[in-house]
Protein chains: 4
Amino acid sequence: MSDKQEQWLEDLIRLSAEDKEKKTEKQMKILEAAVEIFSEKGYAATSTSEIAQKAGVAEGTIFRHYKTKKDLLLSIAGPIVSKLLFPFVIRDFVKMIDLPYERADDFFRAIAKDRFKFARENTKIIKIIIHELPFQPELMEQVKVLSTEYVVKRIKKIIIHFQEEGQIIEAPPWRVMRTGASVLMGMILTHLFILPDFPIDEDEEIERTIDILMYGIAGRKE
Amino acid sequence: MSDKQEQWLEDLIRLSAEDKEKKTEKQMKILEAAVEIFSEKGYAATSTSEIAQKAGVAEGTIFRHYKTKKDLLLSIAGPIVSKLLFPFVIRDFVKMIDLPYERADDFFRAIAKDRFKFARENTKIIKIIIHELPFQPELMEQVKVLSTEYVVKRIKKIIIHFQEEGQIIEAPPWRVMRTGASVLMGMILTHLFILPDFPIDEDEEIERTIDILMYGIAGRKE
Amino acid sequence: MSDKQEQWLEDLIRLSAEDKEKKTEKQMKILEAAVEIFSEKGYAATSTSEIAQKAGVAEGTIFRHYKTKKDLLLSIAGPIVSKLLFPFVIRDFVKMIDLPYERADDFFRAIAKDRFKFARENTKIIKIIIHELPFQPELMEQVKVLSTEYVVKRIKKIIIHFQEEGQIIEAPPWRVMRTGASVLMGMILTHLFILPDFPIDEDEEIERTIDILMYGIAGRKE
Amino acid sequence: MSDKQEQWLEDLIRLSAEDKEKKTEKQMKILEAAVEIFSEKGYAATSTSEIAQKAGVAEGTIFRHYKTKKDLLLSIAGPIVSKLLFPFVIRDFVKMIDLPYERADDFFRAIAKDRFKFARENTKIIKIIIHELPFQPELMEQVKVLSTEYVVKRIKKIIIHFQEEGQIIEAPPWRVMRTGASVLMGMILTHLFILPDFPIDEDEEIERTIDILMYGIAGRKE
DNA sequence: GATGAATGAGTATTCATTCAT
DNA sequence: AATGAATGAATACTCATTCAT
């Protein structure tokens, strides 16, 4: 790991720690109200006065804590974007990289479980991020940098590792990665956002989905 | 096919035909400008005066053709939503249902090609739809009705058909469908929206992706 | 009667004759629609497009016949203002002046009957006039000129005539006139506009009201 | 007086007291400007930007204090409508009811003086009310309720009282009331709105008009 | 004469943001 | 830190009027 990347990681860990501290009660109420309304109506269609009302504070109070409305959005979406892109909780991440799973399906299973849990705990903010990403260059940049410099590179290494071991087919790693991401995200988004009332056994669902990811819908020819 | 469904289909065909006629030059310019700006900044963040300016018409002219700003949005998104949910062009759809492909991968390949083409020709409007869907109940309803009453039912039948033939594993059809949709949509969205500059051979890409969908990233054990 | 006043009279007679002729079917429909909506919502709150819609004509058609919206108002209110201020129908007016009634109460009774009838036949337009008068200088001017130059002068003469005969008390004629007008207008406006559903025998009501006008609410001391 | 009516009265007294307090300087300026322009051009023909300009505030400031333009109108007209319908200032009203005047003309004289004074002090707002009444259902309702439930009932009692004493003729009380109201309002409106420049001695004018009301234009037959 | 598409100035109202208290 | 009155630019939408067909 280079020094620069190391710094990146340190910053993120610190940021995510700060995240929970140093917030007055009013500030918390503002954030909660904003998350609620942003996710319901979209950022642009939400007015600051509406947030103030729901948070039970004066209109001016919002701007004491966040210079602009966009500032408020970024201070909600920013930290989650960072956390979203780390498979496994940050502090445990290094371990995962250094001690890769022996079998490829274990790796994908671990990611699936962790990210499903994370998404379930942050549905509203994730909805906000999905919808605002293309219109907020700062967020977009953050996602691009984190993804390419960090996530993609590492996962690519892991995929290549499993390809060398013969556990994964010889295809361009990015196609394997894209397909894996599609299948897992498709599962998570479907059950959290599109059909939240469709009843599933989450562990069972992950198991079966990983199965299909590994061996396809045509199944193993034995 | 019941009479009621027949009517549905007829209406859609007529609607999609009208779509291109009966539009004055100014109206076309308004639509083009609206698509452009909506897709760039989002619906709520776009002002009607901006659309008027880009279209080269007076602001009042917009409201002569579309009663409200939302009306303008729906008259852009509505028709595309309808077309989006039909695998294959409407007029050919019946044929496809009545003469199913002999092999499952042919079926998925055909859908992938057709929808990739359609998405490539309507990138901007599709972007608009993705972002406005959760905030526009009318659109949402349209999608729900078309999906469940029409698309899902038919594809489920086809999947069951292939399962009976032993071409697809014995899993709940919805999971097969969800995974298929995830893989194909993941491919299309990635190459059109997320990495539009990443160079690929589209046909080759479809071929390889269908392969993974059928046999998984672990590959066929022969 | 001076030449100038004579001309005035002639003009008015001609105007009121034209009133009913030379109007196409569409023009009539426009006028009817305008009267209807002006009286319901007020002139300023009525839009020309609303009138066009109710009249069943194109928006442009209104402006072919009436240069501006105000023109339309004046061509409705103007003629009625003229007729409103003539006790008795114009053509019979001269007779009434030349052959005054023998008794004062006959004079007031005749006016009351005639104006009640006129008001009953033109309620909507009268409502329009009442409400627009202070905001339309042209109308106001018309009323002022007609009233002072024509109506007031003549009625004053008649009142003085009855005072000389001892039928009316020795008070300034304008106070007699004002009180007479108040009592009669109060009766007419009350039963046509304020309490239109209050049932009365119109002739009986006029009779009793003239009685009070002549002898007061304390009544005749015999 | 029933408890319910008592409450009514209390509310009105409180309302009319609040009326003058709790208003910032800007709010007062807005109200003054609105009264001025509404009375000059009519409610519908007045723009909020015009009011803001005349009041020397930003347009947004109007809407901080009054949710809509109609709100502004009602908060001007509402309180005056209430006060308008009370003969004599509210606090003295009870006295008047409990200690009726010995002579009928004293009663009408007292009302005439009090209402003339009130009208002279509120000419502009009264003009606004007269013109907006038929187009503002809320105001209309207020007038109807106050008039019928309160004013009319009480005055009717007083008239019947004087009829029993033989001071007023045996006619339906409503006709006596209507005529009295017509004569007094005719006097007030004429001298305040129609001929404001016509010079009169107000007390003398009231005296002579009450005379005519009591004994008619034919005068007392002694 | 009649139409209705087009206009652009104007409308009431909302908004993010500031600032004196 | 917190308030909320004040702002003025911006917003979606309306309107009376024009003009080519």
In terms of heavy-atom contacts, Phe38(C) and Lys69(C) come closest through CE2-CE, 4.5 Å
Specify the residue among Glu50(B) and Lys26(A) whose closest nucleotide of DNA chain F lies further upstream toward the 5′ end. Lys26(A)
Nearest whole Å is fine: how far is dT3(F) P from Ile30(A) CD1? 8 Å
Contact letters for nucleotides 13-21 of chain E, in which S counts primed atoms plus P, OP1 and OP2 and B counts the base, heavy atoms under 4.0 Å: BBSBBB---
Give me the stems containing DNA chain F, sorted by first residue, counting only three or more consecutive Watson-Crick or G-U pairs with both distances under 3.5 Å; say none if there aren't any. E:2-21 with F:2-21
Can you find a side-chain donor-acceptor pair between Glu59(A) and Thr48(A) that sits under 3.5 Å? no
What's the CE-C1' distance between Met28(A) and dA2(F), to the nearest Å? 18 Å
Return no unless some side-chain N or O of His65(C) is found under 4.0 Å from OP1 or OP2 of dG1(E). no
Atom CD of Gln53(C) and atom P of dG4(E): how far apart are they, to the nearest Å? 12 Å
Do Lys70(B)'s NZ or CZ and the ring of Tyr43(B) fall within the cation-pi criteria of under 6.0 Å and 45°? no
Whole-Å distance, Ile62(C) CD1 to dG1(E) P, equals 15 Å
Would a distance-only check, ignoring hydrogens and angles, find a side-chain to backbone donor-acceptor pair under 3.5 Å from Lys127(A) to Ser39(A)? yes
Heavy atoms, side chains only, cut-off 4.5 Å: are Ile51(C) and Leu72(C) in contact? yes
Could you tell me whether Glu50(C) atom CD has more than 12 heavy atoms of other residues or ligands within 6.0 Å of it? yes
Which is more 5' along DNA chain F, the nucleotide nearest Gly56(D) or the one nearest Thr24(A)? Just name the residue. Thr24(A)
When the distance from CG of Asp71(B) to P of dT14(F) is rounded to whole Å, what number comes out? 11 Å
Just say parallel, tilted or perpendicular for the rings of His131(C) and Phe135(D), cut-offs at 30° and 60°. tilted
Without swapping roles, check the side chain of Gln142(B) against the backbone of Gly78(B) for a donor-acceptor pair under 3.5 Å. yes
